[in-house]
Amino acid sequence: MSEAHLDNGEPVVAVHDVCKEFYRDAITIPVLSGINLELKRGDYLALMGPSGSGKSTLLNLVAGLDRPTSGTVTVCGQSLESTSESKLARWRSRHIGFIFQLYNLIPVLTAFENVELPLTLTSLSRRERREHVEAALQVVGLSDRSHHYPRQLSGGQEQRVSIARAIATDPTLIVADEPTGDLDAKSAGEILDLMERLNREFHKTIIMVTHDPDAAVRAKQIVHLQKGVLVEKTHAGQE
Amino acid sequence: MHTLFYIWRNLKRNKLRSALTILSVGFSLALMTVLNGYTAMQDAWGAESEKYHRIVVLNIQGFSGMLPIAYVDRVRGTEGIRAATPYAWYGGNYKDEQMPFAQFGCDPKAAFGVWDEFSIDPKQLEEWQKTRNGCVVDRRLADKRGWKIGERIPLKGTFYQFDLDLVLCGVWDSPKNTDSLWFNWLYLDEGLREKNAQGTGNAGTIFAQVTSSDATAKVCQTLDERFASSDNPTRTQTESAFFQMFADMAGNVRAYIFYIGLAVVFSLTLVAATSMAVSMRERTSEIAVLKAIGFSRRRVLVTILGEASSITFLGGCLGVALGCSFLELAHRAASQIVPLSVSEMLGPWLAYLLASAAGIGLVSGIVPAVRAAQLSVIDGLRRVV
Ligand SMILES: Nc1ncnc2c1ncn2[C@@H]1O[C@H](COP(=O)(O)OP(=O)(O)OP(=O)(O)O)[C@@H](O)[C@H]1O
Ligand SMILES: [Mg+2]
């Protein structure tokens with residue numbers, strides 16, 4: 001939210017004519033072809049589609065973890081297709097918050113330290129880091145659990161810690177790959193409530209991959225990916 | 001997170017594995033410390049004796065050969081020799097103890113001329129020279145045993161068929177603990193003659209002091225040439241070479257130690273590397289997450305490398321400490337075998353051991369660290385899902 005130029009209505013995510021192929025043992029695996037996608041600040045997109053359709057692949061491209069075979073990906077004003085790896089790493093730490101299906105917290109670090117992890121890459125002082133971490137844990141409602149290790153938390157709580165980790169650096173875009181895929185309905189509901197709050201209250205732009213139609217309708221819009229093509233765009237009835 | 005803090009947490013991740021790795025490095029480095037410390041000690045001991053420019057005459061066949069007592073006077077008559085004494089190892093048992101300290105038969109009139117860095121009260125020396133069955137000992141030995149002047153020290157022969165019934169006449173002070181007792185060579189020889197026993201007239205070895213260290217080589221050569229055509233040809237060498245020969249008696253100890261050390265270091269590196277690689281494999285997705293949220297390759301590399309080297313470095317320090325304690329204990333228990341205390345020979349060999357501990361850590365950490373640094377984030381994340 002600090003980027004002034006994004007307030008000019010410039011898209012946070014702009015994907016143009018993106019193709020992605022993988023090469024394995026001299027075989028070319030085409031995964032995405034001719035993808036176009038644009039998200040403005042405050043958008044909340046649910047990405048659906050059958051297994052193997054390329055959802056995670058698309059998400060990785062947008063998050064700057066991978067580069068397209070052709071086409072352009074511009075996120076938060078940065079063209080990702082030609083940026084060096086070390087530069088991308090620094091860029092990710094500033095602009096992207098990650099939420100994974102399996103939470104992927106560091107088991108030897110407490111909830112507090114896990115949330116602090118991305119902040120250690122910034123120039124913040126110790127005290128500022130502490131304030132950020134406390135604020136993030138407050139948002140996810142786990143202030144009282146900050147000194148617990150991941151194994152002492154339930155799956156839903158772990159995912160909430162990982163959300164706190166994702167928002168601690170105040171990123172522009174949050175990418176979530178099946179964030180409720182491993183949770184029961186109740187915990188999943190809590191996570192979806194949280195994501196909605198991040199979108200509404202904190203104006204985070206969110207892309208969420210999901211298999212669950214009930215989760216998808218919580219987003220502002222839904223797109224379906226089939227055989228590497230975006231086939232359908234629905235506006236969920238949220239607003 | 002401060003990288004060190006994260007490294008520390010990771011060390012505690014699998015305490016058993018960390019402990020086992022630390023212990024395996026520790027024990028092997030303890031072994032290396034003892035071996036290296038021993039050679040370092042020999043060097044220090046040799047260098048120490050160098051400055052007194054003493055030489056040792058031995059039968060060319062070594063200790064088993066005969067060295068006629070008449071040679072002592074012939075050595076004394078050689079140009080460049082200041083003093084010479086027979087020096088026969090007795091190897092007797094004291095009460096119930098088997099060879100608890102070293103005992104040598106020598107010439108009371110010459111011994112303190114050969115070892116002129118030793119000091120003794122002139123009255124005590126005179127007393128020893130007058131008493132046929134008298135003896136003198138290192139002050140530290142006398143103190144340890146609580147012996148007073150006039151003490152009876154009976155020694156039972158093991159190698160010679162004559163038991164010594166000695167009386168303590170004096171104590172000497174020397175720069176290093178020799179843990180030795182000196183008695184009159186004639187007392188032993190006469191005893192043997194009376195009993196018609198074997199081994200009479202044998203000086204064992206002859207220790208002599210040369211007038212200057214420049215003359216040493218020439219004197220050795222002169223002596224060996226003089227006795228070359230006799231029944232008992234000799235081999236004369238400097239005192240330090242003589243001690244070196246002791247050290248090398250079990251073959252080329254130094255080379256063995258070097259190769260053992262090399263093998264130990266090599267296998268340890270493999271052990272530590274395996275342990276690290278297993279640990280990394282379990283953490284593939286974690287490393288992928290670190291990289292996803294923006295950790296640079298360098299940071300990942302440093303973290304993993306730091307973890308590997310701190311494990312082995314900890315082990316190495318433990319091992320060096322263990323080895324040094326062992327050497328120190330050995331020095332206190334048997335100072336004729338381990339003549340120096342560890343504090344007297346702090347030196348490059350210790351630094352070398354600590355450096356190899358750190359080296360093992362770095363080398364064993366390199367492969368896993370580089371692999372982690374180069375891990376592709378999407379591959380790392382896919383492996384879990
Ligand atoms: N690194 C890779 N190397 C080779 N093939 C890959 C790689 N990553 C993805 N693929 C292939 O690309 C296709 C799409 O994978 P992707 O993970 O994007 O699917 P998905 O829609 O996320 O599926 P799911 O719902 O099961 O997570 C699959 O056929 C997969 O095998
Ligand atoms: Mg997927």
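A, B, ... follow the sequence lines: proteins, then strands. Residue 1 opens every chain. Source: prediction; values computed, not measured.
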**Student:** Consider only side-chain N and O atoms of A:Ser162 and A:Gln159, and report whether a donor and an acceptor are under 3.5 Å apart.
**Tutor:**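 Looking only at side-chain atoms, A:Gln159 and A:Ser162 do form a donor-acceptor pair, the distance falling under 3.5 Å.
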**Student:** What part of B:Lys12 is in contact with chain A, defined as an atom under 4.5 angstrom from a non-hydrogen atom: side chain, backbone, both or neither?
**Tutor:**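 Neither part.
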**Student:** For chain B, find which of A:Ala89, A:Ala63, A:Gly181 contributes the most heavy-atom pairs closer than 4.5 angstrom.
**Tutor:**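 The residue among A:Ala89, A:Ala63, A:Gly181 with the greatest pair count is A:Ala89.
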**Student:** Can you name the salt bridge (Lys or Arg N to Asp or Glu O under 4.0 Å) partners of B:Arg17, sequence neighbours left out?
**Tutor:**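 With sequence neighbours excluded, B:Arg17 shows a salt bridge (Lys or Arg N to Asp or Glu O under 4.0 Å) to B:Glu282, given in chain and number order.
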**Student:** Just grab all the salt bridge (Lys or Arg N to Asp or Glu O under 4.0 Å) pairs involving residues 300-325 of chain B, residues at least two apart or on different chains.
**Tutor:**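 Passing the test, one end in residues 300-325 of chain B: B:Arg283-B:Glu307.
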**Student:** Output yes when A:Lys204 and A:Asp170 qualify as a salt bridge under the 4.0 Å nitrogen-oxygen rule, no when they do not.
**Tutor:**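 Salt bridge present between A:Lys204 and A:Asp170.
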**Student:** More than 12 non-hydrogen atoms from neighbouring residues, nucleotides or ligands closer than 6.0 Å to CD on A:Gln138, yes or no?
**Tutor:**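 Not more than 12 within 6.0 Å, no.
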**Student:** Which members of residues 78-85 of chain A, sorted by number, sit under 4.5 angstrom from chain B on a heavy-atom basis?
**Tutor:**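 Residues A:Glu85 are the ones that qualify, each having a heavy atom under 4.5 Å from chain B.
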**Student:** Any side-chain donor paired with an acceptor under 3.5 Å for A:Arg145 and A:His148?
**Tutor:**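 Distance-only check passes for A:Arg145 and A:His148.
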**Student:** Where does B:Arg297 contact chain A at under 4.5 Å (heavy atoms): side chain, backbone, both or neither?
**Tutor:**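 For B:Arg297, the side chain is the part near chain A, not the backbone.
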**Student:** Checking A:Arg151 against A:Tyr149: charged group under 6.0 Å from the ring centre and within 45 degrees of the axis?
**Tutor:**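 Because its charged atom sits under 6.0 Å from the ring centre and within 45° of the axis, A:Arg151 does stack over A:Tyr149.
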**Student:** Identify which of A:Asp182, A:Leu88, A:Thr169, A:Ile106 forms the greatest number of heavy-atom pairs closer than 4.5 Å to chain B.
**Tutor:**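 Ranked by heavy-atom pairs under 4.5 Å with chain B, first place is A:Ile106.
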**Student:** Chain B: which of A:Arg92, A:Arg165, A:Glu178 shares the most heavy-atom pairs with it under 4.5 Å?
**Tutor:**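 Maximum pair count with chain B is reached by A:Arg92.
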**Student:** Give me each pair satisfying side-chain hydrogen bond (donor to acceptor under 3.5 Å, both in side chains) with a member in residues 57-76 of chain A, each pair once, sequence neighbours excluded.
**Tutor:**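 Residue pairs passing side-chain hydrogen bond (donor to acceptor under 3.5 Å, both in side chains), neighbours aside: A:Lys20-A:Asp66.
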